[in-house]
Amino acid sequence: GSSTPKQAASSAQNGKKITIGFSVSTQNNPFFVTMAKSVEEQAKKDGITVKIVDAQNDPAKQANDITDLIESKVDVLLINPVDSAAVSNSVLAANKAKIPVITIDRSSDKGDVVAHIASDNVKGGEMAADFIVKKLGEKANVAELEGLPGASATRERGEGFHKIADQKLTVVAKQAADFDRSKGLTVSENMLQANPDIKAIFAQNDEMALGAISAAKSANKQILIVGFDGTADGLKAIQDGTLAATVAQQPDQMGQIAVETAIKIAKGEKVDNKIAVPLKLMTKD
Amino acid sequence: MNALKAKNIIREMGPLIGLILLFLVIAVLNDSFVEPSNLRNLLRQVSINALISFGMTFVILTGGIDLSVGSILALSSALMASFIVKGMNPEVAIFTAVIIGTFLGAVNGIVIAYGKVAPFIATLATMTIYRGLTLVYTNGNPISGLSDDPIFTGFGQGYMAGIPVPAVIMLITFFILFFILRKTPLGRQTYAVGGNEKVSYIAGIKINMVKIFAYAITGCLCAVAGAILTSRLNSAQPTAGLGYELDAIAAVVLGGTSLAGGKGRIVGSLIGALIIGTLNNGLNILNVSSFYQQVVKGIVILLAVLMDRKKS
Amino acid sequence: MNALKAKNIIREMGPLIGLILLFLVIAVLNDSFVEPSNLRNLLRQVSINALISFGMTFVILTGGIDLSVGSILALSSALMASFIVKGMNPEVAIFTAVIIGTFLGAVNGIVIAYGKVAPFIATLATMTIYRGLTLVYTNGNPISGLSDDPIFTGFGQGYMAGIPVPAVIMLITFFILFFILRKTPLGRQTYAVGGNEKVSYIAGIKINMVKIFAYAITGCLCAVAGAILTSRLNSAQPTAGLGYELDAIAAVVLGGTSLAGGKGRIVGSLIGALIIGTLNNGLNILNVSSFYQQVVKGIVILLAVLMDRKKS
Amino acid sequence: MDINLTGISKAFGQNEVLKGVNFHLRSGEIHALMGENGAGKSTLMNILTGIHKADSGTITVDGKPVQFRNNRDAEEHGIAFIHQELNIWPNLSVLENLFLMRQVKNRFGWIDFKKMKRLAQEECQNIGITLPLEKEMGLCSVGQQQMTEIVRNLMLDAKVVIMDEPTAALTERETDKLFDVMHRLKEKGVSIIYISHRMEEVFHQCDTITVMRDGHTISTRPTEETGMGQVVMDMVGRTISEYYPARTVIPGEEVLKVEGFSQPGVFKDVSFTLRRGEILGVAGLMGAGRTEIMRALFGVDPHESGTITLRGKKVEIHTPRDAIADGFGFITENRKTEGLIIDFSILRNISLPSESGLCSHGFCIDSHKEEKFSAELAEKLGVKAESIQLPAGMLSGGNQQKVVIAKWVGIKPSILILDEPTRGIDVGAKRDIYDLMNELTSKGVSIIMVSSELPEVIGMSDRVMVVHEGRIAGIVDRREATQERIMTMATGGQ
Ligand SMILES: Nc1ncnc2c1ncn2[C@@H]1O[C@H](COP(=O)(O)OP(=O)(O)OP(=O)(O)O)[C@@H](O)[C@H]1O
Ligand SMILES: Nc1ncnc2c1ncn2[C@@H]1O[C@H](COP(=O)(O)OP(=O)(O)OP(=O)(O)O)[C@@H](O)[C@H]1O
Ligand SMILES: [Mg+2]
Ligand SMILES: [Mg+2]
C-alpha cells in the first residue's frame, strides 16, 4: 500500500520549498556518516532543504530530536532509528502531526510508516556465515567480533550469523569490540592468543574487521576475515586482499533512495511501502 | 552588608542570565523556538536530565560524584519493563523500580561511606557493574510490548493542565528537594558534610547516613527518570542512559554548585539542566550540523561557566 | 619509625599485590595468558592507556582532572594522518601532532588556571569541542592510506630488543616523568599545588604555570598515544579515544593517587594501567561473555580499591 | 559537675602521648591546664569528649564512669568543647555554624532561621559582641571564627566548658569579654577547663592550675599557692628568667618605606617605614585590618594605590613571588589554611619555598641537602616531632606554628612579616621565638610583627604601629608605648 498525507502534499504544491528532516542514529560510524552525507548531497541535487539531527546512539535523544523536527514543521520525516521499539512513540507523534515518516535501515515497531528503506541485517549475518562455510568448509573454527552490547545491529547481525554458524561452524570465541577499530584490534589479538586455531573472524562491522586484519598481521596468521557494511576502507581492504569479504549495505544508496522517496511523498506521488536496498557480498572477485 | 547582598544576588543570578541570553539568541534566530508547543517539548526533554541532576546536586554537595546514574536508569527501567511484560500492574511496577533504583543508589552510598572508596572510582565501578547486569538481564535486547495502561503511558507522554507530566514530576520533585535542602536538618547536614567532613563527624553528624541518603535519592530519581523514559519510548533499552552522568554533572556545575562540595543550590541545577536542554533543542531547531553542534555546545558551556567563574 | 616505614611500604605495595593476584588467577585459568607473545601483546595494549594515565597523574596531583584526553588523542591523530596523506614526512607529522596535542592540553590548562573554571567542567567542554573539531575536520570518516615508512609503522607495530616499541616508549616516558615528579622543583610543586593551593601561592609557586604544565604534558602524551594508535591501525579514527578518560582515571586511582590532589605516585598509575590492561586481555582470553565482562571488570576494580582504601 | 580522669594513657602508633594522666575538675572552678606544645593537653580533652579513645584509664562524671561516643554525645551530657583548631564549616553562614547541631524548628518541623537569628543576636548581646551572622564563615577573620565557636558553645548551657586556647585569636577587648562570661558562668556553678599559654591570663582568671609535661601530670595547685616561675619550671623543666629578652639591636638605616598604601574598603593611606634590624610591632583591635595590610604588602591580596620603596628603590609587589624575590617572608596568621600543607611531611613543608635553592646539578633536588636543611631549621625552632618525615598535620598546634616559622626563616628573608607569630605557642617556645627574632635582627633582618598580645608587642618592638579601622592611628616609640596608650589609639581615641 501507499499513502500521501494531504497537508504535506499541498504545501509542496504551493510552490514552497520542500523541507525534510532526517534523524540519524549516530555520526560516530562511517556507515551512517555516508548515509547522512548522501542524504545531504541528494537533497542539494534536488534543490530541497534537509535538517539533519544526530541522536548519538541514544534513543531518548532521538525522541527529543524528532519532536524538535516535528516542531520545525518539516514536510517529511526521515528516521534512521536507534532502536525499533524506542522510536515507535516518535513515529506515532509524527503521525499525529500529520507528517509522513520514512524509516531507513531500522524499522519502527509501531505507527504508520509510509516507506521503509532497508537492507536486512539478519540476512547479512547469514550471508557472512555462508561465505565462511563456503570458503573453509563445515566445522571450521571461527571467532566473532560483536558490536556495542545491546545495540540493535549487534543483535541482528549476530542473530543471522549464529543461525548458520551454530550449525555449520565452530564458534570458539565471541567478544564485544563496540564497533571500534582499535578495540577490534586488541580484542582480536587476545582472541587469537587464546585460540591459535581460529581460521576465520566475522566482524559485525568493517571497522572491527580492519582491526582484526592488523591483529592477524601482527600475529603472522592467515585468517579469513569477513566484515559488514562495505565502507570505503573496507572495500579498499578487499582490493588489497586483506579482507576476504564484506556484507555491503550501500548506505549511499539508502540515502539517495530515501530523499527521492521523500520528494515523491511531498509531491503527493505514490511510493512503495517497503524498499529493499539489496545487500551485496563484496569479495575480491 | 547590602552591597555584599547585592553582589551575592548577582552572582547567584549568573546562570539564570546565561539561560535567558541563550533563550533570546535562539528565539531571535528562529521564531518557532518560542512557540508554546516547542516550550512544552523543551520542558519534557529537560525533565530527565533535570531529575538526575537534582540527585547529583545532593551527591556533589556532600563532596561526592555519581557516574553510575545512567546505568541505574537502565537497570531499573529494564526491570520495570520486564515486570510489566510479566503482567505486573504498571503503577506497581513503576513503584517497584523506584525502590530498586533507590537501593542501587544506596549501594553506591554504602560502598563510599563504609568502604571509604573515593566516589569517582566507586561509582565508575558500579557504572560498569549495573550496565553489565542490565545487559545480562535483558540479554542485550530491548524490552518492548509494554502496557497501554493510560497512567503508564501518561507518565512519560501525558499532559496535566497543559504541562507535560514529566515536567510536572520534575517541578514537584524540585520543590520537595529544595525544601529538604533549605529547611531540614538533613539538608543542612548535606552542606555541612561537604563543607568539612571531619568537623561534621566530630560534631556528631551521621556522615555516613547523609552520604547514603544523597546517593540513594539520586538512585531513586534515576529510576523515576527511567520510568519516564520507558513510558516515552514505550520500551526499555539496555543501552539507555549512556553518558547521562556527564550531562547531569554539567547541569549541576553550570548551576553554580562547586564540585568541591558544600556550596551550591538546587535551583542552579534546574537552570543548568534548562541551559543544556535549551542548547540541544535550539541547535536542532537551528539545524546546526551535528559535528558543529558538539563544538557549539562545548563553547557555550565554557562561556556559561566563565561568566560565573568566581565560584568553583 | 621502621614499623611506620614497613606499613608505608605495604600500603604502597597494595596495587602491585592486586596486579600479581589478578595475574596469577588468569594464568591459572588459561595458560596461553603467560606466553611471551601474549605478554608482548599485553604490554603493547597497555601502553596507550598507561601513557595517558601518566599525564593524568600530573593533572590529578594538582587537584584537577582531564576528561578531554580521548578527544585530544583523536584530534591530534586525525591531523597527523592528514598531514601524512598530504605528503608530510611521517616523523615530522608525528612531531607536529605531539606539538598540537601539547597545545590542546595547554589550552585546557589556561582555561583552568586563568579562567578559574573547575577542571571537570572545563575539560568536559573541551572534550566535546575537540571531538566536534575532529568530526568536522575528518567529516566523520577515518583517514587511511597512510605511509609505509618503516619508522612510522614501527612506532606502533615494531619491536626493540623483543619489546614492542609502544611499550618502550611507555617505559622511557615513565622514567622521565618519575624523575621529574621526584626530583625536580616542578614535580614537587605539582604535589604542593594539589596539597594546598593557597599555601603554595603564598610560598611563591607559580601555580598557574604548574597547572598548565600538567595539562600540557597530558595533551602531549595523548598525542603520543594517538600516534601509536594511528600507526597500529594504519589509519586515524574520528571516534578514537572515546571513553579513554575513564580508563585513565581508573588507572591513576587504582594506583593509589588521591583524586583530591597532592598525594600519589606515578608508579601506581603504571600498575593501575597494567591492572586494567590485564583485566581486559584476560577476560578476552578467558572468553567471558561481553555482558558479564562488564560486571567482572567493575567488581575487580572495586575490590582492588577496597583492598587499598585507606587512602583517598 | 565533677570530672575525674585517672590514669589516662594514649598512644598514636608508637608515639606515647599520654602516660597515665590524672586530672580532677571540681564543679564551679576555673581550672587551667598548662604545658608545653605537644604535652598532650588537647589530646586529653579529646579523650574526655569522646573524639579519641583512651588506651587505658577511666573517666568519671559525678562519680559515674562514662565513655562519650563523640563530641555531640559529650555536649548532650553537658560538656562543651571549644577546640584549639577551629572546628568550623567554612561554607556555611555564621548563624548556621552556631545552630547546625541544634536547629530550632517551627511548628511544622521546618528550620526556623528567623528565630535562630533572634536567639543568636540575644546571646551576642549578652556577651557584648557582634557577629556577622549572615556572612559565610570562611570569609570571616580567625578572630570572628573563634568568637563564633565560643558563642556556639556558650549557647549549649553546658555544665562544663572546655576552652582550648580560646584567646589565641582574640584581641584584648574580646578577651576581656570572654573573661566576663567565664566569671558569670562560674557564678552559675559551671566549671571551666582553660587551656592557655598566656601566663597573665591564667593567673588572673583561674582557680587551679594543672601542669602537664611529656604526657604526665606534673602538678595541680591552687593559683594562690604557686607563681609564674614555679609553673614555668613545671612546664619546661627549667627556669626562664625573663619573659621578653632585652632588645640589644640598634636599628640601622631605613630599608622599607610604604607610602599611601590603600585598598578601598579594607585599608587606607597606610604609610610607615622600617629600618634595618628593627622590629616594628603592629597592634589593633580584631578586624582593624592589620592582617589585610600585611597580605597586600606581601602580594597575596591586591592593593589599589601606594608605593613600596625598598632601600631607596621603588618596587612593585603584585604576587607573593614578587615579594619573595624582594626578600620578604610572611608568616600568615592562619596556619591551617595558609601556612601548612597538612599532608606534606614537616621536611617538605619547611623546604617548600626554598626548593629551587636546594638543587644540585642545576635542576634536580638534592634530597640529602634538603633533609639537612629542613632538619636544621626544625631543630633551631625546636619542633617537637618524632621525625621530620611525619605529616605536619599530626603535630600539636604549637609545633605546627614552629614549622611555619622555620619555613620562612629558611628563605633567609631581609624583611620578615609575622602575623600572630606566637599564637598557641608555649612559654618556652615563645622565648625561643623571641630569641630567634633578636638573632635575626642582629643579622640585619627587619621584622614586622602583628600581634594581639599587647605585652608581647610592647616587650619586643622597637616601635609600635597602631591600626584603627584600616588606618594608621599612630606610631609610638617603645619607650612611650604603654598598654593604655596603645588601647586608646586602637579604639579611636586620642
Ligand atoms: N591524630 C593524631 N595522630 C598522631 N599523633 C597525634 C595526633 N594528635 C596529636 N598527636 C600527637 O600528640 C602529641 C600531643 O599533641 P596535643 O595536640 O595534645 O598537644 P598540646 O599539648 O595540645 O599542644 P599545643 O599546646 O601545641 O596545642 C603531639 O606530639 C602530636 O604530634
Ligand atoms: N578572606 C577574607 N575575605 C573577606 N573578608 C575578610 C577576609 N579576611 C578578613 N576579612 C575581613 O576583613 C576585616 C579585617 O580582618 P581581620 O579581622 O583579619 O583584621 P586584623 O586587624 O588582622 O585582625 P586580627 O588579626 O586580630 O583578626 C574584617 O572585617 C574581616 O571580616
Ligand atoms: Mg593543643
Ligand atoms: Mg589578623
Side-chain angles (χ1 to χ4, degrees), chain B residues 1-9 11-12 57-58 60-64 118 175-210 256-266 268 310-312, chain D residues 45-46 49-52 68-77 80-83 85-93 95-106 108-114 116 130 132-140 145 149 152-153 156 264-265 336-337 342 393:
Chain B
M1 201 62 229
N2 261 338
L4 197 98
K5 244 184 188 159
K7 216 172 121 193
N8 258 339
I9 288 174
R11 233 178 52 171
E12 293 185 349
T57 311
F58 276 79
I60 290 180
L61 278 177
T62 67
F175 284 113
I176 295 173
L177 297 180
F178 179 85
F179 177 81
I180 291 182
L181 270 183
R182 276 290 273 268
K183 289 282 183 183
T184 69
L186 181 62
R188 302 322 295 170
Q189 291 175 1
T190 304
Y191 281 92
V193 168
N196 193 334
E197 193 169 318
K198 209 163 153 199
V199 170
S200 302
Y201 176 73
I202 291 175
I205 293 178
K206 293 180 179 154
I207 49 171
N208 287 347
M209 277 340 231
V210 172
T257 296
S258 154
L259 280 169
K263 276 189 214 174
R265 289 146 71 246
I266 199 165
K310 276 288 138 72
K311 313 170 206 179
S312 95
Chain D
M45 294 302 111
N46 282 335
T49 52
I51 292 164
H52 290 323
F68 300 120
R69 284 190 314 268
N70 54 34
N71 212 23
R72 190 185 188 182
D73 196 16
E75 280 174 12
E76 277 161 6
H77 286 80
F81 185 5
I82 301 166
H83 290 261
E85 301 299 326
L86 291 175
N87 280 350
I88 56 154
W89 288 281
N91 56 323
L92 299 178
S93 69
L95 181 67
E96 283 212 73
N97 266 278
L98 290 173
F99 283 97
L100 193 79
M101 295 316 292
R102 319 177 306 126
Q103 258 133 357
V104 180
K105 294 179 197 156
N106 64 13
F108 307 113
W110 311 348
I111 298 175
D112 189 341
F113 286 105
K114 284 214 186 81
M116 291 193 327
T130 51
L133 293 176
E134 308 280 352
K135 196 169 173 179
E136 208 173 284
M137 196 70 163
L139 299 178
C140 293
Q145 294 177 356
E149 271 272 279
R152 185 177 80 80
N153 279 281
L156 293 172
K336 220 175 175 181
T337 59
I342 294 294

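Below, read A as the first sequence line, B as the second, and so on, with proteins coming before strands; counting in each chain starts at 1. Everything quoted here is computed from the prediction, not taken from an experiment.
- Taking Glu96(D), Glu75(D), Gln103(D) one by one and counting their heavy-atom pairs under 4.5 Å with chain B, the maximum is reached by Glu96(D).
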Yes or no on side-chain contact (heavy atoms from CB on, under 4.5 Å) for Ile202(B) and His83(D), after CA distance, side-chain angles and deciding distance? CA-CA 11 Å; Ile202(B) 291 175; His83(D) 290 261; 4.1 Å; yes
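- No other option in Ile88(D), Leu100(D), Ile51(D) has as many heavy-atom pairs under 4.5 Å with chain B as Ile88(D).
- Taking both residues in full, the closest heavy atoms of Pro185(B) and Ile111(D) are given as N-CD1, 3.6 Å, listed atom of the first, atom of the second, then distance.
- Within the 4.5 angstrom heavy-atom criterion, only side-chain atoms of Phe113(D), from C-beta onward, approach chain B.
- Within a 6.0 Å sphere centred on CZ of Arg102(D), other residues, nucleotides and ligands contribute more than 12 heavy atoms.
- Of all heavy-atom pairs between Ala192(B) and Trp89(D), the closest is O-CD1, 3.2 Å.
- Rounding to the nearest 0.5 Å gives a distance of 5.5 Å between CE of Met101(D) and CD of Gln189(B).
- Judged purely by atom type and a 3.5 angstrom limit, Asn91(D) uses its side chain to pair as donor or acceptor with the backbone of Tyr191(B).
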